[in-house]
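Structure, as structure tokens:
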Amino acid sequence: MTEQPKYREIADALREAIRNGEYGPGDRLPGENPLAAQYGVAAMTARQALRDLKAEGIVESRRGAGFFVVEPFTPIRRRSTARLSRQHWKSGGSLFAADDARALTTDSHVLGTVPPPQAVAEVLQLGDGEQVFARSRRHVVEGRPVLLSTSYLPDQLVAGSRITETDTGPGGIYARLADLGAEPAHFREEVLIRMPSADERAGLNIAADTPVIKICRTAFTEDGRAVEVNEMTLDSRAYVLEYDFGA
């Protein structure tokens with residue numbers, strides 16, 4: 001049997017100590033030099049053990065202060081099929097309510113009529129000079145920012161409707177699109193994992209080495225017309241993506 005690397009042995013021991021309550025939320029873990037001395041390894045080996053725990057979301061690093069145990073957070077199970085069902089949003093339910101029963105705080109900002117990003121204009125098949133109506137949101141659960149999103153819709157379609165207001169009403173944007181005769185009948189989501197930008201780090205309150213999940217969702221009408229593009233950034237530590245579909 002191959003002996004496991006020493007840094008994993010250290011990480012396992014620290015993880016077990018956290019589970020047993022020896023270190024609680026907010027507590028500082030031993031630094032790399034004390035750990036190196038305790039286990040008879042190089043400081044770099046101890047540092048790798050701490051970084052492994054950080055990658056798991058168990059601890060966080062603070063510049064110049066060390067590694068600290070984070071408050072436990074149950075990941076949000078993003079039920080991609082159920083949350084987008086016509087029955088759900090037509091009944092007035094929010095998309096988040098299909099994912100999680102916890103209270104959600106949403107910071108919404110109406111960005112108004114703006115020129116579309118080129119990729120968005122292409123998906124929405126907008127002509128030269130045509131604009132989009134944009135609105136952004138930040139979702140916060142248990143005091144923790146978990147998601148940033150920006151929705152783009154053809155301005156000519158939604159101008160003057162409730163979609164342009166801060167509160168879009170029961171069922172949200174998709175229910176209001178249905179009111180306008182542009183009911184979504186099909187969705188496409190594209191998923192990408194990458195490191196966060198400076199704005200994303202600030203918005204989600206995450207470190208530079210915490211990956212984010214990028215999801216771009218497009219809503220289509222029955223005749224295949226794209227009526228919304230929603231670009232989302234998720235804290236990868238805060239979500240489980242669930243896809244449930246028939247064979």
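- Interatomic distance, Thr45 OG1 to Glu32 CD, rounded to the nearest 0.5 Å: 10.5 Å.
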Would Glu183 and Glu222 count as a side chain to side chain contact (heavy atoms under 4.5 Å, CB included) if you check the C-alpha gap in whole Å, the side-chain angles of each, and the deciding distance to 0.1 Å?
CA-CA 8 Å; Glu183 180 176 319; Glu222 191 67 52; over 6 Å; no
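- Atoms CG and CD, on Leu177 and Glu228 in that order, are 7.0 Å from each other to the nearest 0.5 Å.
- At least one side-chain heavy atom of Arg15 sits under 4.5 Å from a side-chain heavy atom of Glu56.
- For Arg28, there are no side-chain hydrogen bond (donor to acceptor under 3.5 Å, both in side chains) partners at least two apart in sequence or on another chain.
- Side-chain atoms of Asp199 and Ser197 form no donor-acceptor pair, as typed in the model, at a separation below 3.5 Å.
- Summarising the hydrophobic clusters (Ile, Leu, Val, Met, Phe, Trp, Tyr; side-chain heavy atoms under 4.5 Å, direct or chained), the residues clustered with Ile58 are Ile10, Leu14, Ile18, Tyr23, Leu29, Leu35, Tyr39, Val41, Leu50, Leu53, Val59, Phe67, Val69.
- In this structure, Arg62 forms a cation-pi arrangement with Phe68, its terminal cationic atom sitting closer than 6.0 Å to the ring centre and no more than 45° off the ring axis.
- Side chains of Ser151 and Arg137: a donor-acceptor N/O pair is present below 3.5 angstrom, by distance only.
- Note that the CD atom of Glu242 and the OG atom of Ser80 stand 8.0 Å from one another [nearest 0.5 Å].
- Residues Ile173 and Arg135 meet the side-chain proximity criterion, which asks for heavy atoms closer than 4.5 Å.
- Two residues are said to be in side-chain contact when any heavy atoms from C-beta on lie closer than 4.5 Å; Thr106 and Phe96 fail this criterion.
- In this structure the side chain of Gln48 never reaches within 4.5 angstrom of the side chain of Met44, judged on heavy atoms.
- In this structure, His88 NE2 and Tyr174 OH are separated by 11.5 Å, a value rounded to the nearest 0.5 Å.
- Summarising the hydrophobic clusters (Ile, Leu, Val, Met, Phe, Trp, Tyr; side-chain heavy atoms under 4.5 Å, direct or chained), the residues clustered with Leu126 are Val114, Val120, Val123, Leu124, Val132, Tyr152, Val229.
- Nearest heavy atoms, Arg162 versus Pro170: NH1-CD, 4.5 Å.
- With hydrogens and angles ignored, the 3.5 Å screen pairs no side-chain donor or acceptor of Arg138 with any backbone N or O of Leu147.
- Residues Arg79 and Asp99 are not paired through a salt bridge, judged by the lack of any N-O separation under 4.0 Å between the basic side chain and the carboxylate.
- Side-chain contact between Pro25 and Pro72 is present, with heavy atoms from C-beta onward closer than 4.5 Å.
- Met195 approaches Ala208 most closely through the heavy-atom pair CE-O, 3.4 Å.
- Listed by chain and residue number, Glu130 satisfy the side chain to side chain contact (heavy atoms under 4.5 Å, CB included) test with Gln156 (two or more places apart in sequence, or in another chain).
- Between Lys214 and Glu200 there is a salt bridge, since at least one side-chain N of the basic residue sits less than 4.0 Å from a carboxylate O of the acidic one.
- Shown here are the side-chain hydrogen bond (donor to acceptor under 3.5 Å, both in side chains) partners of Asp27, two or more places apart in sequence or in another chain: there are none.
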Just do the side chain to side chain contact (heavy atoms under 4.5 Å, CB included) check on His139 and Thr105 with the steps written out, would you?
CA-CA 6 Å; His139 288 179; Thr105 300; over 6 Å; no
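- Residue Val212 is not grouped with residue Val191 when hydrophobic side chains (ILVMFWY) are merged at heavy-atom distances under 4.5 angstrom, including chains of intermediate members.
- Residue pairs satisfying the ring pair (Phe, Tyr, Trp, His ring centres under 6.0 Å) criterion with at least one member in residues 219-247, sequence neighbours excluded, are listed as follows: His186-Phe220.
- Distance alone, capped at 3.5 Å, places no donor-acceptor pair between the Asn20 side chain and the Glu22 backbone.
- Closest approach of Pro154 to Ala226, counting heavy atoms only: CG-O, 4.5 Å.
- Note: Leu84 CG to Arg217 CZ = 5.0 Å, rounded to the nearest 0.5 Å.
- With 3.5 Å as the limit, one finds no donor-acceptor pair spanning the side chains of Asp244 and Thr81.
- Side chains of Val110 and Ser108 form no contact here, defined as non-hydrogen atoms less than 4.5 Å apart.
- Side-chain atoms of Arg144 and Asp235, non-hydrogen and from C-beta on, do get closer than 4.5 Å to each other.
- Here the OG-CG distance, from Ser94 to Leu104, works out to 7.0 Å after rounding to the nearest 0.5 Å.
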Quick one: do Leu204 and Leu148 satisfy side chain to side chain contact (heavy atoms under 4.5 Å, CB included)? Show the steps, please.
CA-CA 7 Å; Leu204 292 172; Leu148 309 172; 3.9 Å; yes
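- The two residues Ala43 and Asn33 have their closest heavy-atom pair at CB-OD1, 3.8 Å.
- Heavy atoms only, all atoms of each residue included: Trp89 and Ala178 are closest at CZ3-CB, 4.3 Å.
- Under a hydrophobic-cluster definition in which Ile, Leu, Val, Met, Phe, Trp and Tyr are linked whenever side-chain heavy atoms come within less than 4.5 Å, directly or via other members, Met232 and Leu192 are assigned to different clusters.
- Proximity of Ile76 to Val146: side-chain heavy atoms (C-beta onward) are separated by under 4.5 Å at one or more points.
- Side-chain atoms of Glu231 and Thr150 include no donor-acceptor pair closer than 3.5 Å.
- The pair Lys54-Glu60 fails the salt-bridge criterion, with no side-chain N (NZ, NE, NH1 or NH2) lying under 4.0 Å from an Asp/Glu carboxylate O.
- Nearest heavy-atom pair, Ala36 versus Ala46, reported as atom, atom and distance to 0.1 Å: N-CB, 3.9 Å.
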Pair Leu153-Ile163, side chain to side chain contact (heavy atoms under 4.5 Å, CB included): steps then yes or no:
CA-CA 9 Å; Leu153 304 102; Ile163 289 174; 4.1 Å; yes
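- No more than 12 heavy atoms of other residues, nucleotides or ligands lie within 6.0 Å of CZ in Arg8, so this atom counts as exposed by the packing criterion.
- Clustering ILVMFWY residues whenever any of their side-chain heavy atoms sit less than 4.5 angstrom apart, transitively, puts Phe187 in a cluster other than the one holding Ile215.
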